[in-house]
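Model, not experiment: these values are computed from the prediction. Note on naming: letters A, B, ... go to the chains in the order of the sequence lines (proteins, then strands), and numbering restarts at 1 for each one.
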There are 2 protein chains.
Amino acid sequence: MAQQKEIAVMGAGLVGSLLSVYLAKEGHKVTVYERRPDMRQANIGGGRSINLALSDRGWKALAKVGADKPVRDMGIPMYGRMIHHEDGSTSYQPYGKEDQAIYSVSRGGLNQVLMDYAEQHGVELVFENGCDEVDLDSGVAHLSGGQQVHPDLLFGADGAFSRVRLSMMKTDRFDYQQMYLPHGYKELSIPAATGGGWQIEKNALHIWPRHDFMLIALPNLDGSFTCTLFAPFEGTGGFDQVTDRASLMRYFEAYFADAIPLMPDLEEDYFSNPTSSLVTVRCYPWVKHDSIALIGDASHAIVPFYGQGMNSGFEDCDVLHQCMVQHGDDWPAVLDAYQESRKPSADAIADLALQNFVEMRDRVDDPSFLYRKKLEKVLHEKYPEDFIPQYTQVTFSHIPYEKALAAGKEQEAFFTRILPKLDMEKEPDSAVADQVAEAWRTYRN
Amino acid sequence: MAQQKEIAVMGAGLVGSLLSVYLAKEGHKVTVYERRPDMRQANIGGGRSINLALSDRGWKALAKVGADKPVRDMGIPMYGRMIHHEDGSTSYQPYGKEDQAIYSVSRGGLNQVLMDYAEQHGVELVFENGCDEVDLDSGVAHLSGGQQVHPDLLFGADGAFSRVRLSMMKTDRFDYQQMYLPHGYKELSIPAATGGGWQIEKNALHIWPRHDFMLIALPNLDGSFTCTLFAPFEGTGGFDQVTDRASLMRYFEAYFADAIPLMPDLEEDYFSNPTSSLVTVRCYPWVKHDSIALIGDASHAIVPFYGQGMNSGFEDCDVLHQCMVQHGDDWPAVLDAYQESRKPSADAIADLALQNFVEMRDRVDDPSFLYRKKLEKVLHEKYPEDFIPQYTQVTFSHIPYEKALAAGKEQEAFFTRILPKLDMEKEPDSAVADQVAEAWRTYRN
């Protein structure tokens, strides 16, 4: 057992809750401070509610502390994308092999399960008492309730607008970037079918791609779907085009006509839900004075388009734990190894998430892109070691994100060269896979 | 005359002082709020004192309001770089044509002249009363003295760590980046020669380039030089190598032996002056609520290696004035045109300044680089319209920085291709210029 430390985790969100379990399991005395009330008591929402897609990295990090079991029943597997074309037709693209899926989970529900799980492991959760500021030199944290705490170690798991990070920002030589997309998002909904069940395919992530904007829908356990409209704040397809019921209906009739019958609450949802912005945050260092560290969104907030925000935050916990195993009680070494190993991964997933927005809204209904996806699938099935599609590397593997990013660039360059040489009218078969695999080996050497 | 506005300028630094003159000359009622005491009374330093190099953009912006005349006598022309090689030898590279120079000026002295000049034009300067925060919605500024002011227009000219910008940062969709170099800087000095005059060449910017670090020296009117050591915080040639007198002398003997006799106060300077960091700040938008705008370092703090920090800030005033001429009393249009026109220029000079650090510390003593510089000079003299070196575009022209940046990339690619084909042992002459000019025309078409 490690030498026991008093550890404060700022933020009882998804990453803060899971992190507290990791630390408690190593024998540390862990207190989590959360600004909001206990969502399990107050029955309030868990903040932003873009539905979450739990994938392999998240599952692995949960499983390492046994937290996957209580979560299993909450997720709905989505085996592929269901594309809703402008003419009302649909087409389906599997995400990976037959049994590979990403899992739609409710942010609030998952958070509550992790809070319960943390308490079962001896973690103390303190609510309505968030971290306002950390005096980095003394290590004293000032809480919104007025108290001060002085833990041995402090983790800022307090999200994209982290106060712990804000305290670090006031120090010299702290690199920081916040970058907004010209797009925002708004939550909408598709209720369950009359009499129960799902109005559209349950086991898929639905996308209405419209080039510069898109609508998506993720299934919930109760038969409903949580939808999100991603659109520019201004311009063609922009939120500024919609000012009243009439313009809302014109907008949906023009772009998402087939969704209208599914969305009886469209008008109320649209005008009562906020239009929120989409930010990418990068910073460095993540660690100050060998004892204060950032984790999750606080260190690397990303846009949601690769479904990796939560997964990367959970993987942070896994990587931190590996560093704890390696360096034992030498916390300066643990934290330094953690930030050095994790920063390149965080930068890579931030880039990947931005790239995948273009893929989702603009490329998924392009014929040559669809052909490439099919070809990648055949190729990967026949040569699982030689060729792993970038999507599979990010979503269904634990390959570091920076390697997946580099592999994706190589694959993009390769397919740009090879696709014009293939007969894209014909479904890619085993013979084509052999031919392309040979070209891929040559290309890489 | 324009419709009179009450305008608050936050910061009486170089840009704030010059801006206030521009605004007062258009008939506005201008008050400048400055956190520090009046440096003309208190005889204190003007903050950071990397010596400044005033070049064409700065002169033009000063001249437009007649402020060049009081500044003329303060500057020492530097017609080129004097390179101090490791073996103690020196070589000289002219910056441009024979009469082209950048001017070494004292930051404090220039600032005082501009403050006087502003007061002569009816500007009110308020000292020891800086802007702490701006309530962007109401337009009310909270001053460090406790008062509040509510001007019609407010300019944040409050530097790299601007409080006006900090208020903007708290709003949604504000893009922001602060990025530190791994290098810091420390001010040192070379006193005047015994009996007066300059110990080393007066009319040059002196550089001791040592690849990853360098020492520079700029002349002062009194015969002294202000020196700056730029070095990594850690590692080879790093500040961490120097901890006491003995290690300081070892450091200077190893890298700057020929400078030691020039610097009798080296030890005292080194250990009493701070080691400061070098930051690049980018942000957007620069304007909020059609009435609150950032200018100078507050909107684009850059590293000092192209000598364009002040010059770009002065050019901001010039560009703003062009927008005032174009849009008259329509301030929302003025400010929007200003930020849209100026943001690409600011991003470009930030990149150029970072690039020029590599040039100064690592390339200026490389033989092929020296040959290229000579070739560019011959080429520009013979074909002044067809070929303008990037350095000349940035320093001796008013070509927008983004065009100079693009031109520099094109020139770099061209010379990488053409240099191996030339006889670099031979001084480039008129015949070589003809040959290269022909290749340049072909390359560009």
Side-chain angles (χ1 to χ4, degrees), chain A residues 47-48 132-133 159-163 165-186 230-235 238-240 273-288 299-303 336 339-340 343 346-347 350-351 354, chain B residues 47-48 132-133 159-163 165-186 230-235 238-240 273-288 299-303 336 339-340 343 346-347 350-351 354:
Chain A
R48 296 187 315 161
D132 278 348
E133 197 175 355
F161 300 96
S162 168
R163 295 292 187 100
R165 191 184 66 221
L166 199 62
S167 298
M168 290 187 178
M169 265 197 72
K170 292 171 185 165
T171 63
D172 195 23
R173 298 178 68 202
F174 186 74
D175 288 337
Y176 177 77
Q177 183 183 33
Q178 62 184 38
M179 188 186 71
Y180 286 86
L181 284 184
H183 298 72
Y185 70 90
K186 189 185 280 285
F230 294 96
F233 282 96
E234 291 102 26
F239 284 107
D240 65 341
N273 290 337
T275 308
S276 305
S277 56
L278 293 158
V279 71
T280 300
V281 174
R282 300 171 203 253
C283 67
Y284 205 77
W286 294 356
V287 178
K288 283 276 177 184
S299 47
H300 52 83
I302 63 177
V303 294
D336 198 50
Q339 69 172 351
E340 284 205 13
K343 171 64 174 166
D347 282 338
D351 290 343
L354 289 164
Chain B
R48 294 186 317 159
D132 278 348
E133 196 173 357
F161 300 95
S162 168
R163 295 291 187 100
R165 191 185 65 222
L166 199 62
S167 299
M168 291 187 178
M169 265 199 72
K170 293 172 185 165
T171 63
D172 195 22
R173 297 177 69 201
F174 186 74
D175 288 338
Y176 177 78
Q177 183 183 33
Q178 62 184 38
M179 188 186 71
Y180 286 86
L181 284 185
H183 297 73
Y185 71 90
K186 188 184 280 285
F230 294 96
F233 282 95
E234 291 102 27
F239 285 106
D240 65 342
N273 290 337
T275 307
S276 305
S277 56
L278 293 158
V279 71
T280 300
V281 174
R282 301 172 202 254
C283 66
Y284 204 77
W286 294 357
V287 178
K288 283 276 177 182
S299 47
H300 51 85
I302 64 178
V303 293
D336 197 50
Q339 70 172 350
E340 286 206 14
K343 170 66 173 165
D347 282 338
D351 290 343
L354 289 164

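- No side-chain heavy atom of Phe239(B) sits less than 4.5 Å from a side-chain heavy atom of Pro232(B).
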Audit row: Phe230(B), Leu181(B), side chain to side chain contact (heavy atoms under 4.5 Å, CB included) steps and yes/no: CA-CA 11 Å; Phe230(B) 294 96; Leu181(B) 284 185; over 6 Å; no
Donor-acceptor pairs under 3.5 Å, chain A to chain B, main chain and side chains both?
from      : atom 1 : to        : atom 2 : distance (Å)
Asp172(A) : OD1    : Ser277(B) : OG     : 2.6
Asp172(A) : OD2    : Ser277(B) : OG     : 3.2
Phe174(A) : O      : Gln178(B) : NE2    : 2.8
Asp175(A) : OD1    : Tyr180(B) : N      : 2.5
Tyr176(A) : N      : Gln178(B) : O      : 2.8
Tyr176(A) : O      : Gln178(B) : N      : 2.7
Gln178(A) : N      : Tyr176(B) : O      : 2.7
Gln178(A) : O      : Tyr176(B) : N      : 2.8
Gln178(A) : NE2    : Phe174(B) : O      : 2.8
Tyr180(A) : N      : Asp175(B) : OD1    : 2.5
Ser277(A) : OG     : Asp172(B) : OD1    : 2.6
Ser277(A) : OG     : Asp172(B) : OD2    : 3.2

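- The shortest heavy-atom contact between Phe174(B) and Cys283(B) is CZ-CB, 3.7 Å.
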